[in-house]
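As the structure is a computational prediction, the values presented were derived from the model and not from experiment.
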Amino acid sequence: MSLPQGPHTAPHSEPPSPPRSELQRALHTRHRAVLPDWLALSYEQPLEITHGEGRYVWDAEGRRYLDFFGGILTTMTAHALPEVTKAVSEQAARILHTSTLYLNRPMVELAERIAALSGIPDARVFFTTSGTEANDAALLLATAYRRSHQVLAMRNSYHGRSFSAVGITGNRSWSPTSLSPLHTLYVHGGVRTRGPYAHLDDAAFTAACVADLEDMLGQTRGDVAALIAEPVQGVGGFTSPPDQLYAAFREVLQRHGILWISDEVQTGWGRTGDHFWGWQAHDAAGPPDILTFAKGIGNGMSVGGVVARAEVMNCLDANSISTFGGSPVTMAAANANLAHLLAHDLQGNARRVGGLLAERLRAASAGLDIVREVRGRGLMIGVELVFPSTGDPSPEAASLVLEAAREGGLLIGKGGGHSTNSVLRIAPPLSLTTAEAEAGAAVLERALHTAQHELSGKATP
């Protein structure tokens, strides 16, 4: 019970706290004063998330949101998953850090599990702290193994923010420089519904992309190191090729001795529902030579890594360590998270609930001129938005939906190619329930109608 306040108590009382919205504006001002201008923030009034549980998060003003983006596909199982928080706490109480100079039981245990799950024969695992670093390490391995700095990458791709990863990113929104330590050649195939081959059926599309690959290789010296590809392009807007396209590519690559790197940073651990790894949609090719992972395995902890067959992984002839890769605490978290995912068949849940969510969004989009396509697999769904009058990609529509969804208590992401950011990216934790999927779809339906109303009749910018 609070005591009554009056003039006689004022000299001894605390000054009133400013409204939380003022506190958030102040934090935003401080952010801009000390952090880079290019460090992206979502929303016109950026959000501070203070805590989460299950599929929900809360902001600094106490408002609850259904989280359909999971820290950019990183909260894979659930916020504050008890098994993970317990594992982190117990390991932190023992020791936080040792480095790879010493034997590390949690790291060995996780490496054993990932090697077995990868499908790569005689696999070796190297842990990093992020997907960017994992792809960087994969490129180092491939170029050292093949003694070539030539790399094939997919158009519309994204592989991280390091100097080498930017050099193989085929999406200009995320390429701040044209300088690169690599000679990168871009091939078709990552985007099914746009580009010069979009009008073809799947078989003809695949044949055209294979012919493009063959033609590209004919213009090189023949010593290309690797093809790196996301089975589903994440930042590019959750686009993907027809199944088995990379199997057809692999036949060409193997004739030239070129390695295949599958970037599973966003597609791994069952997120696509149908498969544990994205490459398995192209399993006629067998497993990739190198596989990279990150994001979801740590459920918010900084875990990434590379899996490769021993011949490739062991090709480096210089010493190396990782100060923070494979730290005891992050490995304990990842072990607990992976065990929970497998024990509760979250891949199956992603397939079932993701399928329902996608169908619900397709139904919600019917008759809306701003929606060009709802696509994706499992709980990795993209909604591509366009200007109603032209059908051109509409970043304005995506921003309108993003803001309206937030107002409705739902957090989503954006992506897309050609500097547009016109695709809504929907990727909730894999434990999403049917009721939560329905609730989120209802918010998105209202947000899409809001954007349709705002844009209808507007001239193309």
Side-chain angles (χ1 to χ4, degrees), residues 35-36 38-40 69-77 79 81 84-85 87-89 91-92 94-115 117-118 123-142 144 158-169 174 181 228 230 234-235 261-269 271 277 290-308 313 316 318-338 341:
L35 296 171
W38 42 259
L39 195 62
F69 204 36
I72 318 178
L73 290 83
T74 298
T75 305
M76 178 170 67
T77 49
H79 291 281
L81 185 71
V84 172
T85 56
V88 168
S89 177
Q91 180 58 54
R94 289 191 291 271
I95 191 166
L96 283 169
H97 177 71
T98 59
S99 91
T100 55
L101 290 173
Y102 306 97
L103 289 172
N104 179 335
R105 189 174 300 275
M107 182 169 68
V108 172
E109 291 172 350
L110 184 60
E112 289 172 339
R113 302 175 84 171
I114 292 175
L117 289 166
S118 72
R124 300 291 188 272
V125 183
F126 174 70
F127 289 104
T128 68
T129 60
S130 69
T132 291
E133 190 186 348
N135 284 330
D136 202 66
L139 292 167
L140 173 64
L141 290 171
Y158 174 81
H159 299 284
R161 52 162 178 73
S162 68
F163 191 41
S164 65
V166 165
I168 56 164
T169 288
W174 297 89
I228 184 167
E230 306 157 272
V235 168
I261 304 170
S262 185
D263 179 346
E264 301 277 354
V265 169
Q266 297 195 34
T267 50
W269 320 111
R271 177 162 288 282
W277 303 108
I290 303 174
L291 178 153
T292 61
F293 63 85
K295 290 192 179 289
I297 184 61
N299 206 46
M301 299 295 284
S302 297
V303 184
V306 184
V307 190
M313 184 68 81
L316 302 183
N319 294 326
S320 189
I321 61 167
S322 181
T323 303
F324 292 109
S327 80
V329 173
T330 61
M331 295 294 95
N335 271 308
N337 195 44
L338 181 57
L341 177 135

message: Just verifying a value: how many Å separate Leu110 CG and Met331 CE, rounded to the nearest 0.5 Å?
response: 5.5 Å

Main-chain N/O of His159 paired to Asn135 side chain as donor or acceptor, under 3.5 Å: yes

statement: Closest heavy-atom pair, Thr74 versus Gly300, reported as atoms and distance to 0.1 Å, is CG2-N, 3.5 Å

field: More than 12 heavy atoms of other groups within 6.0 Å of Ile72 CD1
entry: no

task: Name the orientation class of the two ring planes belonging to Phe293 and Trp269 (parallel below 30°, tilted from 30 to 60°, perpendicular beyond 60°).
output: perpendicular

- prompt: Val235 versus Thr169: any side-chain heavy-atom pair under 4.5 Å?
  reply: no

query: How long is the gap from CD1 on Ile114 to CG on Leu291, to the nearest 0.5 Å?
result: 9.5 Å

query: Is Thr132 reaching over with its side chain to a backbone N or O of Arg161, donor-acceptor style, under 3.5 angstrom?
result: yes

task: Could you tell me whether a side-chain N or O of Ser164 sits under 3.5 Å from a main-chain N or O of Asp136, the two making a donor and an acceptor?
output: no

message: Is any side-chain heavy atom of Thr323 closer than 4.5 Å to one of His97?
response: yes

CG-CZ distance between Asn335 and Arg105, expressed to the nearest 0.5 angstrom: 12.0 Å

query: Considering all heavy atoms of both residues, which atom of Gln91 and which atom of Ala332 are nearest to each other, and what is their separation?
result: CB-CB, 3.9 Å

task: Would you check if the side chain of Ser99 reaches a backbone N or O of Leu101 as a donor-acceptor pair within less than 3.5 Å?
output: yes

- prompt: Roughly how far apart are Ile290 CD1 and Arg124 CZ, rounded to 0.5 Å?
  reply: 14.5 Å

statement: Heavy-atom closest pair (Ala87 atom, Ala336 atom, distance to 0.1 Å) is CB-CB, 3.8 Å

field: Smallest separation among heavy atoms of Ile95 and Pro328, with atom names
entry: O-CB, 4.0 Å

query: If you round to the nearest 0.5 Å, how far is NZ of Lys295 from OG1 of Thr75?
result: 10.0 Å

field: Smallest separation among heavy atoms of Val306 and Ala134, with atom names
entry: CG2-O, 3.2 Å

query: Quick one: CD on Glu109 to CG on Asn104, what's the gap to the nearest 0.5 Å?
result: 9.0 Å

query: With a cut-off of 6.0 Å (strictly less than), are more than 12 heavy atoms of other residues, nucleotides or ligands near CG of Leu103?
result: no

- prompt: Hey, does the side chain of Glu230 reach the backbone of Tyr158 with a donor-acceptor pair shorter than 3.5 angstrom?
  reply: yes

task: Can you see which heavy atom on Ser302 is nearest to which on Thr129, and at what distance?
output: CB-O, 3.4 Å

task: Would you sort out whether Asn337 and Val303 count as a side-chain contact (heavy atoms from CB on, under 4.5 Å), showing the intermediate values?
output: CA-CA 12 Å; Asn337 195 44; Val303 184; over 6 Å; no

query: Got Ser322 and Phe126 here, is their nearest side-chain heavy-atom distance under 4.5 Å?
result: yes

